[in-house]
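Below, all heavy atoms of this structure are taken into account, side chains as well, without hydrogens, waters or symmetry copies. Chain letters run A, B, ... following the sequence lines, proteins first, then strands; residues in each count from 1.
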Amino acid sequence: MADTARDPPPEQTDFQELEDGEDLFPEPAAAPESGPASLPAEDVSTNSNGPKQDSLFDDDPEDLFAEATEEVSLDSPERDVLLSDGPSPAITPITPPTSVITPRIESLTVPVSLQIEEEEGGDSFDIHIAVSDPEKVGEFSGTFWHLRDKQDSSGTSLSVFKQGEFSVKRRFSDFLGLHSKLASKYLHVGYIVPPAPEKSIVGMTKVKVGKEDQSSNEFVEKRRSALERYLMRTVKHPVLLKDPDVLQFLESSELPRAVSTQALSSAGLLRMVNKAADAVNKMTIKMNESDAWFEEKQQQFENLDIQLRKLHASVESLVCHRKELSVNTALFAKSAAMLGNSEDHTALSRALSQLAEVEEKIDQLHQDQANADFYLFSELLGDYVRLITAVKGVFDHRMKTWQKWQDSQMLLQKKREAEAKLQFTNKPDKLQQAKDEIKELEGKVQQGERDFEQISKTIRKEVSRFEKERVKDFKSVIIKYLESLVQTQQQLIKYWEAFLPEAKAIS
Amino acid sequence: MMGYLSVSLQPRAVNVDLQTDATLQVDISDALSERDKVKFTVHTKSTLPNFKQSEFSVVRQHEEFIWLHDSFVENEDYAGYIIPPAPPRPDFDASREKLQKLGEGEGSMTKEEFTKMKQELEAEYLAIFKKTVAMHEVFLCRVAAHPVLRKDLNFHVFLEYNQDLSVRGKNKKEKLEDFFKNVVKSADGVLVAGVKDVDDFFEHEKTFLLEYHNRVKDASAKSDRMIRSHKNAADDINRIASFFLKVSELFEKTRVSTLLRWLCFVLFHLIPAQVKVEQLLMTDVSSHLLQKIEARVAADEDLKLADLLKYYLRESQAAKDLLYRRGRALVDYENANKALDKARAKNRDVLQAETSQQLCCHKFEKISESAKQELIDFKTRRVAAFRKNLVELAELELKHAKGNLQLLQSCLSVLKGDT
């Protein structure tokens with residue numbers, strides 16, 4: 001393998017940046033850009049959508065992503081299989097041939113529009129993806145979402161994508177398919193793959209049936225924004241962005257139907273069984289954690305998980321109560337209007353009617369605030385709860401890798417002992433066989449160790465990136481939320497200032 | 001936990017507009033809340049000759065106020081007046097229950113949470129306490145301001161007699177009697193209301209009051225619901241802010257921590273409850289932030305409007321009662337007329353019928369005369385009270401909104417500028 005191209009990663013600087021806490025938006029030293037010019041040829045050639053990356057990226061010795069592409073190339077035989085030229089194969093060992101049945105339930109497709117902007121210094125580029133409202137195409141084939149990718153022209157041509165701006169139609173199952181492909185490729189080597197939005201059979205059926213009411217509109221909007229966030233997170237990840245599957249997802253007009261993503265398929269069942277098995281295994285693996293960093297981080301994520309879940313529940317309760325408040329305010333407004341009607345003192349009557357109007361407007365404000373609460377906070381928290389689950393999954397994979405390594409080491413030990421024993425018997429061919437096996441095992445052990453170190457390293461990087469992203473995310477949401485609160489207060493001031501003279505005019 | 005609570009109160013601006021003059025000024029200068037009763041210190045200043053001193057205080061309990069109110073209602077001479085509505089019974093049950101539950105659950109929550117909840121509940125208790133004192137005071141002030149009622153002997157005894165009035169609450173038998181009396185009264189009320197009044201003024205007042213009373217009732221109920229929702233949302237925000245604080249502790253020493261504490265701070269301040277933050281401690285983030293926050297139960301502004309509506313619910317009922325009494329007197333008068341005609345026709349017991357008719361006529365006219373003035377006064381008072389309340393409501397809302405806005409804007413500028 002191309003080990004020679006591997007550079008020692010400058011991990012220390014990364015961690016310093018995090019621990020100092022100085023910089024909310026640290027620019028990772030040109031890292032995301034500096035993709036390897038040495039992208040192994042195998043990958044590019046097999047992918048017909050091959051990104052022309054050579055011209056784009058500087059050859060940066062500090063390139064953290066050399067490793068990334070090394071990763072890719074290490075397992076490239078697998079990769080080839082996974083590239084989506086053909087029908088996407090299930091990663092689970094059994095590929096049920098029957099799962100080509102169109103998933104009626106989740107074929108709500110999403111328009112996604114992608115905007116790629118490159119900042120001046122070429123340090124990082126922003127991709128903007130907009131997911132527009134879904135449209136129904138055909139009675140049974142389900143709805144398609146539009147995916148629009150745009151590129152703003154700037155100095156250097158960013159040619160990750162063939163065109164600057166484009167629009168594609170995608171179905172919900174395609175999103176899930178993308179996620180499962182990415183998960184299978186990257187999770188077990190330590191990359192935190194953003195989780196896809198969840199399936200909701202109830203919501204989907206409602207929409208399919210064509211109910212045009214408040215809740216189904218809300219559902220559509222909720223899903224739309226969830227898909228948008230999902231894609232944005234995925235493309236923000238520098239490694240995932242370059243993944244051929246992602247590129248194909250964003251670019252090509254026709255995507256082979258993703259199979260094995262139905263909730264109720266045999267593949268789904270198999271996944272559940274595997275998950276259960278994993279959970280059991282996790283409990284039985286006792287790892288000797290040599291690295292305090294991992295232990296600390298793991299604990300931190302556990303705590304964070306618990307807190308975030310509680311927080312999420314509280315925010316959902318808040319959204320509920322605010323909606324209730326809005327309803328009650330509307331009722332009160334009506335009642336005040338009635339009272340104003342029966343009041344026979346004209347000025348007071350007028351003032352009471354004004355009060356009723358003010359309260360009605362306030363009720364609308366409450367409604368809007370509830371929406372803000374929901375879309376900004378609740379969804380963000382939900383996303384993070386799921387992300388943290390993915391992070392924990394990555395830690396688990398590390399444990400599994402360690403386990404594999406230990407297992408092969410133990411096996412090697414046994415074989416060596418066996419070989420030692422064989423030395424004393426006179427069976428040259430058996431001895432030779434043993435020696436061969438040992439050699440193979442030694443290779444495996446070395447490989448296992450490398451894998452383990454690799455995943456540990458990747459996880460460190462990923463976690464630090466995750467933490468930076470998290471800060472950015474929360475900060476932007478908090479700012480948006482505060483701005484919405486500012487708006488509310490300004491509106492309130494307007495309403496009450498208009499009311500005050502009316503109240504004073506009562507005589 | 002809340003065995004004794006003593007509150008010293010200054011003469012307050014009550015939500016009912018009253019003409020107080022130097023000849024008789026009554027207020028509740030102090031109040032003490034004991035396990036199951038509240039003791040009010042009624043303070044009187046008077047230049048009237050009826051009293052032994054010019055300034056004195058007595059201690060009264062809720063039952064004694066009720067006794068006074070009932071004595072007015074039962075007095076035939078006062079039939080033509082709107083009797084000021086009796087103050088509602090002090091009700092700390094809900095609050096006490098919550099405090100008890102809090103005490104029981106003390107082990108299960110963190111010290112911070114516990115202190116905070118305790119503070120909140122204490123504030124709630126205090127708010128209810130202040131309100132009940134205000135209600136009792138308003139009653140006394142209304143009586144003192146009424147030109148006829150203020151001369152009532154029972155009232156003077158109530159104000160002056162510094163021993164216990166030995167008034168006991170009604171026992172079961174008496175409560176049952178009351179219940180039946182009420183049933184009879186409301187049935188009668190329907191009958192009486194059906195009689196059309198020759199006098200336009202009263203006819204108009206009748207229809208008006210009926211409708212008004214119902215609508216005030218509805219508005220009062222709806223405003224209560226609104227307040228409850230507000231409180232629920234406030235509780236949620238409280239919880240969310242605590243969680244953010246906890247989460248921020250997990251991200252120690254990073255910028256996220258400061259970020260989240262800002263958010264905490266903002267949220268605590270914006271809770272629809274009125275939250276006072278003693279100090280801006282954003283540079284030095286510590287859990288003191290939580291302790292310095294004092295939360296009141298529901299927005300002052302909400303409570304004001306709700307209280308006003310409740311009060312006028314009771315007043316409009318008292319006005320309706322007046323109209324009922326007048327209506328009753330009218331019916332009696334008309335019946336007496338009929339009886340007199342019958343007696344004259346039969347030429348029997350004419351004198352008796354005549355006296356009875358005279359009495360009824362006199363009673364009816366007396367009531368009508370004072371009722372008219374009372375109802376006009378009622379309207380004036382009502383308009384003034386609503387005006388005051390609405391203006392204060394608007395001003396309070398503006399004050400809060402402007403304060404919140406300033407806070408939010410300064411927060412935002414810090415966050416945005418902080419990179």
Q: Give a yes or no on whether A:Gln364 atom CD has more than 12 heavy-atom contacts from other residues, nucleotides or ligands under 6.0 Å away.
A: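 Yes, CD of A:Gln364 has more than 12 neighbouring heavy atoms, counting only those of other groups under 6.0 Å.
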
Q: Who wins among A:Val319, A:Leu492, A:Leu311 for the most heavy-atom pairs under 4.5 Å with chain B?
A: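 With the most close heavy-atom pairs to chain B, the winner is A:Leu311.
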
Q: If only atom types and distance count, is the side chain of B:Arg215 paired as donor or acceptor with the main-chain N or O of A:Ser335 below 3.5 Å?
A: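 Looks like no, no N/O pair under 3.5 Å.
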
Q: Does B:Lys379 NZ have over 12 foreign heavy atoms under 6.0 Å away?
A: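 Result for NZ/B:Lys379: enclosed.
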
Q: Nearest 0.5 Å, what's the CG-CG distance between A:Leu352 and B:Leu390?
A: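 Atom-to-atom, A:Leu352:CG and B:Leu390:CG are 6.0 Å apart.
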
Q: Would B:Gln409 and A:Gln490 count as a side-chain contact (heavy atoms from CB on, under 4.5 Å) here? Give the steps.
A: CA-CA 11 Å; B:Gln409 279 169 336; A:Gln490 283 170 332; 3.8 Å; yes

Q: Indicate yes or no for a side-chain donor-acceptor contact from B:Arg225 to the backbone of A:Asn328 under 3.5 Å, with no hydrogens or angles considered.
A: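 The answer is no, because no donor-acceptor pair under 3.5 Å joins these two groups.
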
Q: Minimum heavy-atom separation for B:Phe208 to A:Ser342, with atom names?
A: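 That closest heavy-atom pairing would be CE1-O, 3.0 Å.
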
Q: Can you tell me how far apart CG (A:Leu318) and CG (B:Asn232) are? Round to the nearest 0.5 Å.
A: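 Separation between the atoms: 10.5 Å.
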
Q: If we define contacts as heavy-atom pairs under 4.5 Å, which of A:Ile493, A:Leu500, A:Asn341, A:Val358 has the most with chain B?
A: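 Highest number of pairs under 4.5 Å: A:Ile493.
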
Q: With salt bridge (charged side-chain N to carboxylate O under 4.0 Å, His left out) as the test, would you mind laying out the steps for B:Arg387 and A:Glu502 before giving the verdict?
A: CA-CA 10 Å; B:Arg387 178 188 192 279; A:Glu502 282 288 340; over 6 Å; no

Q: Does any backbone or side-chain atom of A:Glu483 lie under 4.5 Å from a heavy atom of chain B? Answer side chain, backbone, both or neither.
A: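 Both parts, backbone and side chain.
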
Q: Highest number of heavy-atom pairs under 4.5 Å with chain B: which of A:Leu339, A:Thr488, A:Leu348?
A: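 Going by pairs under 4.5 Å, I would pick A:Leu339.
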
Q: Distance from B:Leu393 atom CG to A:Trp496 atom CH2, nearest 0.5 Å?
A: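 That separation rounds to 4.0 Å.
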
Q: Determine, stepwise, if the pair B:Lys222 / A:Glu359 fulfils side-chain contact (heavy atoms from CB on, under 4.5 Å).
A: CA-CA 12 Å; B:Lys222 298 271 160 60; A:Glu359 293 286 343; over 6 Å; no

Q: Under the criterion side-chain contact (heavy atoms from CB on, under 4.5 Å), I'd like the reasoning laid out for A:Lys504 against B:Glu395: C-alpha separation, chi angles, the key distance, then a yes or no.
A: CA-CA 11 Å; A:Lys504 289 197 168 145; B:Glu395 285 175 346; 3.8 Å; yes

Q: Tell me if the NZ atom of B:Lys217 is crowded by more than 12 foreign heavy atoms within 6.0 Å.
A: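 Not buried by this count: 12 neighbours or fewer within 6.0 Å.
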
Q: So, taking the atom named CG in B:Leu412 and the one named OH in A:Tyr481, what distance separates them when rounded to the nearest 0.5 Å?
A: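 These two atoms lie 12.5 Å from each other.
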
Q: For B:Arg382, is there an ion pair with A:Asp344 - N to carboxylate O distance below 4.0 angstrom?
A: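 B:Arg382 and A:Asp344: salt-bridged.
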
Q: Below 4.5 Å, heavy-atom pairs only: which of B:Thr207, B:Asn214, B:Leu309, B:Val383 has the largest tally toward chain A?
A: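 Ranked by contacts with chain A, first place is B:Val383.
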
Q: Could you tell me which non-hydrogen atom of B:Ser223 sits nearest to which non-hydrogen atom of A:Phe332, and how far apart they are?
A: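 The pair with the smallest heavy-atom distance is CB-CE1, 3.5 Å.
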
Q: Measure the CG-CD distance between B:Leu405 and A:Gln489 for me, rounded to the nearest 0.5 Å.
A: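 Between atom CG of B:Leu405 and atom CD of A:Gln489 there are 7.0 Å.
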
Q: State the OG-NE2 distance between B:Ser229 and A:His366, to the nearest 0.5 angstrom.
A: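 Here the rounded value is 9.0 Å.
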
Q: For side-chain contact (heavy atoms from CB on, under 4.5 Å), just list the numbers for A:Leu355 and B:Leu305, CA-CA rounded to whole Å, side-chain angles, deciding distance to a tenth of an Å, and then say yes or no.
A: CA-CA 11 Å; A:Leu355 179 68; B:Leu305 192 58; 4.2 Å; yes

